[in-house]
Amino acid sequence: MTKSLTITRPDDWHLHLRDGAMLKAVLPETARHFGRAIIMPNLVPPVVTGAQAAAYKDRIMAALPAGMSFDPLMVLYLTEDTDPADVAAAHASGLVTSVKLYPAGATTNSASGVQDFDKVRPVLEKMAEIGMPLCLHGEVTDHEIDIFDREAVFIDRILDPIRKATPGLRVVMEHITTKDGVDYVKANDADLGATITTHHLIINRNHILVGGIKPHYYCLPVAKREEHRLALREAATSGDARFFLGTDSAPHVDPAKESGCGCAGCFTATNTMALLAHVFEEDDALDKLEGFASKNGPAFYRLPENKGTLTLTKQDAPVTFPDKIHSDDGPVTVFDPGYPVHWTVT
Ligand code: DOR
Ligand code: ZN
């Protein structure tokens, strides 16, 4: 039986596009389905100033294949030296949409992130004043904190104090992975939103570790226990406008993942929309997919919804997605949900 669903063209509110050959290889995978994306600034070196964001945006637009449309929403990487005036100017000109806070050392290329949160207070205060959203990687980096507890501890020790000290600051907790994250968002007001990735709706920590280590399921924040995955599913499919899609699609070449010290990141740009249709149908919530992928994000970011549409069709035979995307830097493995998927973007 064929079934189809047409939704407003979606956006991806958390995406890694990288640069150079990798950018060229992965950009069409996102631009094929998504109108806009929040572009993560964790390049080497990071995108710290308005001038660097403008140059990166030019490189993204130059890598976009002819005939495709896509609007990259640029983000500045917050450091302890970030100048509030540069941030405000880049926001006022329309160049930059948000600022990203990485606790130093939390994840890939986060060495220039924040160690002393007091040092970034002037930037956060300026952002609260101008209504500019702060995107944050919500994990503490303290060695004594277990990796599976780092999100919950971040909420108590860092996020809640920052929000209390900075009234009006609009915060996106990115890629939440725990019931604690879901509950914190639900207990607060509309100034707090959260993105949820496609892969965290599908895998729990067993998928990474049972029956042999699966490097292509390893990402940060790492997938948690099943009860947390179920809390994320409930939040994503609930229709609550504070939860929206941010895929965190994060390409690494296979040798960097399949290694004695493998990089964190799942590459989901290619099949995200098909997988989400599967997930939302499974939870009897196909009518909530458009909110999650296409409406809640623009509402939080105070941007118009996209004009176009995207049609998803369910077919009898399982759909085959490419196993890998080829870049001139090497192959990138596409996320495999581990079960047959019948939805495709048509
Ligand atoms: O899994 C992840 N990969 N999490 C991050 O926070 C960074 C990202 C990357 O850049 O590869
Ligand atoms: Zn990310």
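The analysis underlying the following values was restricted to heavy atoms, covering all of them including side chains, and did not include hydrogens, waters or symmetry mates. Read the numbers this way: they start at 1 and go in the same order the structure lists the ligands and their atoms.
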Legend entry - Side chains of Thr333 and Asp254, donor plus acceptor under 3.5 Å: yes
Inset, instruction - Answer yes if the side chains of Asp336 and His216 hold a donor-acceptor pair under 3.5 Å, and no otherwise. - result: no
Inset, instruction - Answer yes or no for His252: is there a heavy-atom contact with ligand 1 below 4.0 Å? - result: yes
Inset, instruction - Salt-bridge test for Arg233 and Asp283: reply yes if a basic N is under 4.0 Å from a carboxylate O, no otherwise. - result: yes
Inset, instruction - Classify the contact between His199 and ligand 1 as side chain, backbone, both or neither, using a heavy-atom distance cut-off of under 4.0 Å. - result: neither
Inset, instruction - Compute the shortest N/O to N/O distance between Ala264 and ligand 1 and return yes if it is under 3.5 Å, no if not. - result: yes
Inset, instruction - May I ask you to check if any N/O/S atom from Glu174 comes under 2.8 Å of the Zn ion (ligand 2)? - result: no
Legend entry - Heteroatom test (N, O or S) for His16 near the Zn ion (ligand 2), limit 2.8 Å: yes
Legend entry - Any N or O of Cys219 closer than 3.5 Å to N or O of ligand 1: no
Legend entry - Geometric N/O contact Cys266 with ligand 1, under 3.5 angstrom: no
Inset, instruction - Using distance alone, with no hydrogens and no angle criterion, decide if Thr6 and Thr311 have a side-chain donor and acceptor under 3.5 Å apart. - result: yes
Inset, instruction - Could you confirm whether His14 has any N/O/S atom lying under 2.8 Å from the Zn ion (ligand 2)? - result: yes
Inset, instruction - Decide whether the shortest distance between a heavy atom of Lys257 and an atom of ligand 1 is less than 4.0 Å. - result: no
